[in-house]
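The residues of the chain are indexed from 1 along the displayed sequence.
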Amino acid sequence: MALSPSVVPQESEENNANCAETKQSQTASTASEDPLQNLRLASQEVLHKAQQSGRSRCLQCGGSRMFYCYTCCVPVENVPTEQIPFVQLPLKIDIIKHPNETDGKSTAVHAKLLAPDSVNIYTYPCIPEYEGKDHEVVLVFPGPQSISIKDVSFHLQKRIESKGRNSADDLDVPPSKLPRTRAEEGCDVSESMRKGPELKRVVFIDSTWSQTNQIASDERLRDYSRSQQPCYGQSLSGEAEYADSLVQLLQVELRTRKTCFWRHQKGKPDTFLSTIEAIYYFLVDYHSAVQKEEYRGQYDNLLFFYSFMYRLIKNARGSGEKAKPQLIQ
């Protein structure tokens with residue numbers, strides 16, 4: 001019995017559509033299972049070998065660690081420096097670490113290991129000097145006053161223009177009578193007005209969210225906020241109620257990125273990222289939204305250690321085992 005010619009093509013189209021839907025569903029499922037699968041990473045063979053051989057000695061402090069020493073920010077003996085990637089960043093990165101943050105649980109050290117020339121880590125209350133530089137520095141932290149990355153240049157330009165107007169008020173004052181820092185700041189602002197806004201440095205806080213709140217409520221910070229001295233700790237805390245009394249950094253929030261951190265804090269939204277995730281996603285979005293360039297994996301190796309640990313822990317949990325801290329610390 002012959003088949004109707006109109007039936008066969010229709011069935012074929014339906015089958016093709018079903019196959020396409022199935023393939024898309026499988027792709028989406030795979031991506032959700034491993035959100036880091038498309039990274040362009042250097043070979044992680046050295047990490048596989050180190051994981052099999054176990055903990056090794058830090059050549060600086062002699063401590064026993066897995067993969068790297070989180071105290072000295074260097075790879076351990078069985079992870080040769082020449083076998084881990086070196087990442088060049090377009091911006092300087094300052095990480096302000098809470099003193100009670102457990103070093104072995106922090107991902108901030110990943111950034112220092114992989115981009116040592118661009119990253120500095122400070123332990124609170126030690127904070128760099130940002131006075132007079134708020135037109136070229138931003139803080140990545142969520143809050144009601146935060147902006148998106150695509151608006152960074154616009155807001156930095158506003159700050160430059162505002163500083164230019166303030167500098168004009170001092171034109172009738174001889175330069176020798178101006179404080180040295182004020183005169184230098186005026187030069188920096190004039191230079192910035194000619195070149196346009198240029199972001200140079202990004203600040204991140206390395207802390208649990210409860211510890212961040214402790215920084216914001218520190219009595220010393222409240223005392224500073226009532227004085228005329230700049231209080232950088234409050235600015236870094238991201239607490240809006242203190243903003244008017246600070247040399248306030250422009251605050252940026254990564255609203256569309258979701259964490260896959262294995263230590264994500266319960267009760268917090270999945271847009272609250274680990275430190276290394278925040279650094280990575282900021283640079284990726286900055287590259288595309290501000291520099292207007294196609295992203296081709298230039299900063300993917302910032303997740304060199306993170307992606308390996310993510311899969312190590314995921315595989316351990318998937319096999320019914322408990323991921324032991326010593327495997328990743």
Side-chain angles (χ1 to χ4, degrees), residues 34-37 39 41-42 44 46-47 50-51 58 63 65-76 79 84-87 89 91-124 139-142 202-212 215 236 252-254 257-266 268-285 299-317 323-329:
D34 187 357
L36 307 177
Q37 66 172 338
L39 295 174
L41 297 171
Q44 294 176 319
V46 64
L47 300 183
Q51 194 269 325
C58 171
R65 303 283 189 265
M66 177 67 77
F67 305 131
Y68 55 81
C69 178
Y70 45 75
T71 305
C72 304
C73 296
V74 295
V76 292
V79 181
I84 66 172
F86 174 83
V87 187
L89 305 184
L91 305 165
K92 296 296 184 181
I93 303 295
D94 287 347
I95 301 172
I96 314 300
K97 176 181 169 295
H98 192 282
N100 293 336
E101 179 72 6
T102 304
D103 290 339
K105 294 182 178 180
S106 171
T107 62
V109 65
H110 296 184
K112 183 63 177 176
L113 282 161
L114 298 164
D117 293 347
S118 302
V119 177
N120 286 305
I121 300 177
Y122 303 88
T123 300
Y124 178 81
L139 165 68
V140 176
F141 198 79
V202 189
V203 181
F204 296 84
I205 297 177
D206 185 48
S207 169
T208 62
W209 293 101
S210 60
Q211 289 173 346
T212 300
I215 295 176
L236 291 169
V252 179
E253 182 174 356
L254 304 172
R257 300 297 190 172
K258 295 184 178 181
T259 186
C260 61
F261 191 34
W262 50 91
R263 290 193 177 101
H264 183 65
Q265 298 175 50
K266 293 182 179 179
K268 301 298 181 183
D270 56 8
T271 53
F272 280 22
L273 309 173
S274 67
T275 302
I276 193 62
E277 285 177 315
I279 295 172
Y280 169 72
Y281 286 126
F282 180 92
L283 291 170
V284 172
D285 291 347
Y299 316 123
D300 283 10
N301 274 322
L302 284 175
L303 300 181
F304 179 75
F305 291 104
Y306 183 85
S307 61
F308 184 84
M309 293 177 178
Y310 169 80
R311 294 190 182 100
L312 185 67
I313 293 170
K314 180 185 173 186
N315 291 339
R317 290 175 176 174
K324 299 179 180 180
Q326 60 265 33
L327 291 179
I328 57 173
Q329 294 182 11

Self-check item: Residues that S118 engages under side-chain hydrogen bond (donor to acceptor under 3.5 Å, both in side chains), provided they are two or more places apart
Solution: none

Quiz item: Taking only residues two or more places apart in sequence or in another chain, which ones pass side-chain hydrogen bond (donor to acceptor under 3.5 Å, both in side chains) with D103?
Solution: K97

Self-check item: Donor on one side chain, acceptor on other, D270 and T259, under 3.5 Å
Solution: no

Exercise. Rounded to the nearest 0.5 Å, what's the gap from OG on S274 to CG on D206? Could you check?
Key: 9.0 Å

Self-check item: Pairwise distance CG(L303) to OH(Y310) - rounded to 0.5 angstrom
Solution: 12.0 Å

Exercise. May I have the step-by-step check of side-chain contact (heavy atoms from CB on, under 4.5 Å) for H110 and Y68, ending in yes or no?
Key: CA-CA 9 Å; H110 296 184; Y68 55 81; 2.8 Å; yes

Quiz item: So which heavy atom on V76 is nearest to which on C69, and how close?
Solution: CG1-N, 3.9 Å

Self-check item: Distance-minimising heavy-atom pair for L302 and I279
Solution: CD1-CG2, 4.2 Å

Quiz item: Would V203 and V140 count as a side-chain contact (heavy atoms from CB on, under 4.5 Å) if you check the C-alpha gap in whole Å, the side-chain angles of each, and the deciding distance to 0.1 Å?
Solution: CA-CA 6 Å; V203 181; V140 176; over 6 Å; no

Quiz item: For N301, which residues count as a side-chain hydrogen bond (donor to acceptor under 3.5 Å, both in side chains) partner, sequence neighbours excluded?
Solution: none

Self-check item: side-chain hydrogen bond (donor to acceptor under 3.5 Å, both in side chains) involving Q44 - partner list, sequence neighbours excluded
Solution: S307

Quiz prompt | Exam field: side chain T102 to backbone G104, donor-acceptor pair closer than 3.5 Å | solution = no

Quiz prompt | Any I84 side-chain heavy atom under 4.5 Å of F305 side chain | solution = yes

Quiz item: Minimum heavy-atom separation for C73 to V109, with atom names?
Solution: SG-CG2, 3.6 Å

Exercise. Evaluate the side-chain contact (heavy atoms from CB on, under 4.5 Å) criterion for residues F304 and L47: first the C-alpha distance (whole Å), next the side-chain angles of each, then the deciding distance (0.1 Å), finally the verdict.
Key: CA-CA 9 Å; F304 179 75; L47 300 183; 3.6 Å; yes

Quiz item: Between the main-chain N or O of Y306 and the side-chain N or O of R311, is there a donor-acceptor pair closer than 3.5 Å?
Solution: no

Quiz item: Are side-chain heavy atoms of L254 and L273 found at a separation under 4.5 Å?
Solution: yes

Practice problem: Would you check if the side chain of E101 reaches a backbone N or O of H98 as a donor-acceptor pair within less than 3.5 Å? | Solution: no

Exercise. Only counting residues at least two apart or in another chain, list the ones meeting ring pair (Phe, Tyr, Trp, His ring centres under 6.0 Å) with F308.
Key: H48, F67

Quiz item: Shortest non-hydrogen contact from C58 to V74?
Solution: SG-CG2, 3.9 Å

Quiz item: L114 and F86: side-chain contact (heavy atoms from CB on, under 4.5 Å), yes or no, with the steps?
Solution: CA-CA 5 Å; L114 298 164; F86 174 83; over 6 Å; no

Quiz item: Do F204 and D94 have side-chain heavy atoms sitting under 4.5 Å apart?
Solution: no

Self-check item: Pairs touching residues 110-122 that satisfy salt bridge (Lys or Arg N to Asp or Glu O under 4.0 Å), sequence neighbours left out
Solution: none

Self-check item: Atom pair CG (D300) and OH (Y280), whose distance is rounded to the nearest 0.5 Å
Solution: 3.5 Å

